[in-house]
Amino acid sequence: MAEWIYRRNARTFEEMNNLPADLREKLSQEYEVGRSDIIAVQRSQDGTIKLLLGLRAKMKDKKQKRNIKNNKLKDTVETVGIPYVDRFSCCLSTQVGCPVGCVFCATGMGGFSRNLTAGEILDQVLAVQEVANRRVDHAVFMGMGEPLLNYEATLKAIRLLNEEMGIAMRHLTISTVGYVTGILRLAKEKLQVTLAVSLHAGKDELRRRLVPGTKFSLKEIVNACKEYLRETGRRVTFEYCLLDGVNDSLAEARALGTLLHGMNCHVNLIPYNTVQGLGFGKEPHKAIRDFREILENSGLQVTQRVQRGADIDAACGQLRNRFK
Ligand code: SAH
Ligand code: SF4
C-alpha cells in the first residue's frame, strides 16, 4: 500500500488494483487515503507551480466543507514545485500559518492555526508530483511555518521522504528562524540534511524588530549551528532576506561578517518578494552587490538566490492570503 500512496500517487483504495477487490472495498468503507484537496494552482512562466491545498484532517464537519467550496477555509497550506534543468524541488509547509510573526513575511502576517501532521507534509510532495507529472527529488522546508516548532512531524516527514520516496537526505533542507533548542536536538539525530538558518540581521537589536517571536540571540544561534556542523559535518547555510533601507546597511553587513567570521558556512542573500500591506521593499541590485562584497571581504562564501515564480504569488503565504 505504501508503494501505491508514496510512489504511485493513489488518491483512493479503488486505484490499488493489485489488491483483492473485496479488501479494497473494505478499506474504502472504513478508511480514507486522506489526501488533501488541490484548491488552486498557479503556474509561472519559468515552470514553477504553486499549489494551495485544503487539508482534510479537520474537514469532518459540514461547515468546514462548505467553507472549502467557497475557498475560505482556514486550514489551507501552500506548496511550490520548482523545476531546474537537473532536479525538481518542492518547497514544503510545516504549519498552517506561523506563530513567529516575522514582520516582513506574508505567512507571519496571517497568524497561526495549527501544526501539520507528517502525512500532510508528505502529501504536498505527492500533490506537486501529480500536478507537474514529474518526480520530486529535492525538498526544502521553506514554506509556511517554522519546522522546528513542529519537530516530531517534520522529522517523521524527513524519514518518510527518504525511506519511502527515495529522496536523499542530502537533498533535504530544513530552514529555521533559529530555534536553538530545535537545532541542538536535530544535531543529535546526526542526519545528513542541510540546515538553513534565517538571520536577516547582523545585530540583535535589528533582529528583534524583524523577528519578534524568538528569544535567542544571534550568538546563541550561531553557536548552535557550530554544534550542528560538529555533529553532522554539514556546512550550515545562513539566509538573509534583503529589505530595502531596513537591514541592508553596510554596518549590518560588517556585523554579520564579524559574527560568522572563520566559520565553515555559506550565506544566501534572498531578494525580497514584496508583500502588499507590509511596507517593505525589494533591494536594488547595486545595494545587493555592495552588501555581498563586504561579506566576501570577511572571507565568507556568498550566493544570491535566483528569484523563481516572480509572476505568481511566489512568497509563501501570498497565495493563501489571496483566498481569505
Ligand atoms: N520559518 C522558517 C522557514 C519558512 S520561511 C524560516 O523562517 O526560515 C523560508 C524563508 O523565506 C525564510 O528565510 C524567510 O525569511 C523567507 N521569506 C519570508 N517571506 C519572504 C518574502 N516575502 N520574500 C522573500 N523571502 C521571504
Ligand atoms: Fe514564520 Fe519563517 Fe515567516 Fe518568520 S519567516 S513568520 S519564521 S514562516
Side-chain angles (χ1 to χ4, degrees), residues 44 46 48 82 84 89 91 100-109 140 142 173 175-178 194-212 214 216-226 229 235-318:
S44 164
D46 66 19
T48 301
I82 312 164
Y84 299 88
S89 183
C91 179
V100 183
C102 300
V103 293
F104 53 87
C105 171
T107 304
M109 185 181 79
V140 293
M142 289 186 186
T173 299
S175 175
T176 172
V177 75
T194 303
L195 181 68
V197 180
S198 305
L199 292 183
H200 314 311
K203 299 181 197 166
D204 283 313
E205 198 235 329
L206 176 61
R207 188 169 146 96
R208 272 194 295 273
R209 273 196 282 139
L210 296 176
V211 185
T214 64
F216 301 104
S217 68
L218 285 164
K219 194 87 209 139
E220 287 172 308
I221 295 171
V222 169
N223 283 342
C225 292
K226 286 182 180 164
L229 175 68
R235 188 177 68 150
V236 176
T237 297
F238 291 105
E239 293 163 289
Y240 199 104
C241 184
L242 280 162
L243 306 162
D244 189 21
V246 177
N247 64 355
D248 57 342
S249 73
L250 302 187
E252 211 64 32
R254 279 187 213 105
L256 184 65
T258 309
L259 182 73
L260 304 180
H261 184 72
M263 185 177 172
N264 180 12
C265 66
H266 156 238
V267 179
N268 196 5
L269 298 177
I270 310 174
Y272 182 58
N273 273 308
T274 308
V275 180
Q276 233 183 357
L278 295 191
F280 293 97
K282 192 181 151 131
E283 196 59 27
H285 286 297
K286 159 121 185 31
I288 299 187
R289 265 207 313 276
D290 294 347
F291 197 91
R292 179 178 181 154
E293 208 175 282
I294 292 191
L295 295 180
E296 283 172 345
N297 289 343
S298 315
L300 293 168
Q301 207 188 90
V302 186
T303 49
Q304 225 166 294
R305 182 174 299 165
V306 179
Q307 202 170 17
R308 298 293 303 261
D311 53 337
I312 55 178
D313 296 307
C316 269
Q318 283 184 315

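This is a predicted model, so every value here is computed, not measured.
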Where [X] and [Y] come nearest, the two heavy atoms and their spacing:
X    : Y    : answer
A106 : V275 : CB-CG1, 3.8 Å
R235 : T194 : O-CG2, 4.5 Å
C102 : P212 : CA-CD, 4.1 Å
G202 : A255 : O-CB, 3.6 Å
M142 : S175 : CG-CB, 3.4 Å

Could you grab the distance from atom [atom1] of [X] to atom [atom2] of [Y], nearest 0.5 Å is fine?
X    : Y    : atom1 : atom2 : value
I82  : C91  : CD1   : SG    : 6.0 Å
K282 : L242 : NZ    : CG    : 10.5 Å
C225 : N264 : SG    : CG    : 12.0 Å
K226 : L260 : NZ    : CG    : 8.5 Å
D204 : R209 : CG    : CZ    : 12.5 Å
I294 : L256 : CD1   : CG    : 10.5 Å

(message) Checking R207 against I221 for the side chain to side chain contact (heavy atoms under 4.5 Å, CB included) test, could you report, in this order, the C-alpha distance in whole Å, the side-chain angles of both residues, the deciding distance, and whether it holds?
(response) CA-CA 12 Å; R207 188 169 146 96; I221 295 171; 3.4 Å; yes

(message) Tell me which pairs pass salt bridge (charged side-chain N to carboxylate O under 4.0 Å, His left out) where either residue lies in residues 284-293, with sequence neighbours left out.
(response)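 For residues 284-293: K286-D290, R292-E296.
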
Is any side-chain heavy atom of [X] closer than 4.5 Å to a side-chain heavy atom of [Y]?
X    : Y    : answer
P284 : D244 : yes
E252 : D248 : no
T173 : T237 : no
C265 : L300 : yes

(request) Output all residues satisfying ring-ring contact (aromatic ring centres under 6.0 Å, His included) with Y240, sequence neighbours left out; order by chain, then residue number. (result)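 Y240 satisfies ring-ring contact (aromatic ring centres under 6.0 Å, His included) with F291 once adjacent residues are dropped.
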
(message) Could you check whether any side-chain N or O of H200 sits under 3.5 Å from a backbone N or O of C241, counting only pairs where one atom can act as donor and the other as acceptor?
(response)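 At least one qualifying donor-acceptor pair exists.
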
(request) State whether the side chain of S44 and the backbone N or O of D46 hold a donor-acceptor pair below 3.5 Å, judged by distance alone. (result)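 Side chain of S44 to backbone of D46: a pair is present.
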
(request) Applying side chain to side chain contact (heavy atoms under 4.5 Å, CB included), run through E220 and N223 and close with a yes or a no. (result) CA-CA 5 Å; E220 287 172 308; N223 283 342; 5.8 Å; no

(request) Would you please test Y272 and L278 for side chain to side chain contact (heavy atoms under 4.5 Å, CB included) and show each step? (result) CA-CA 12 Å; Y272 182 58; L278 295 191; 4.2 Å; yes

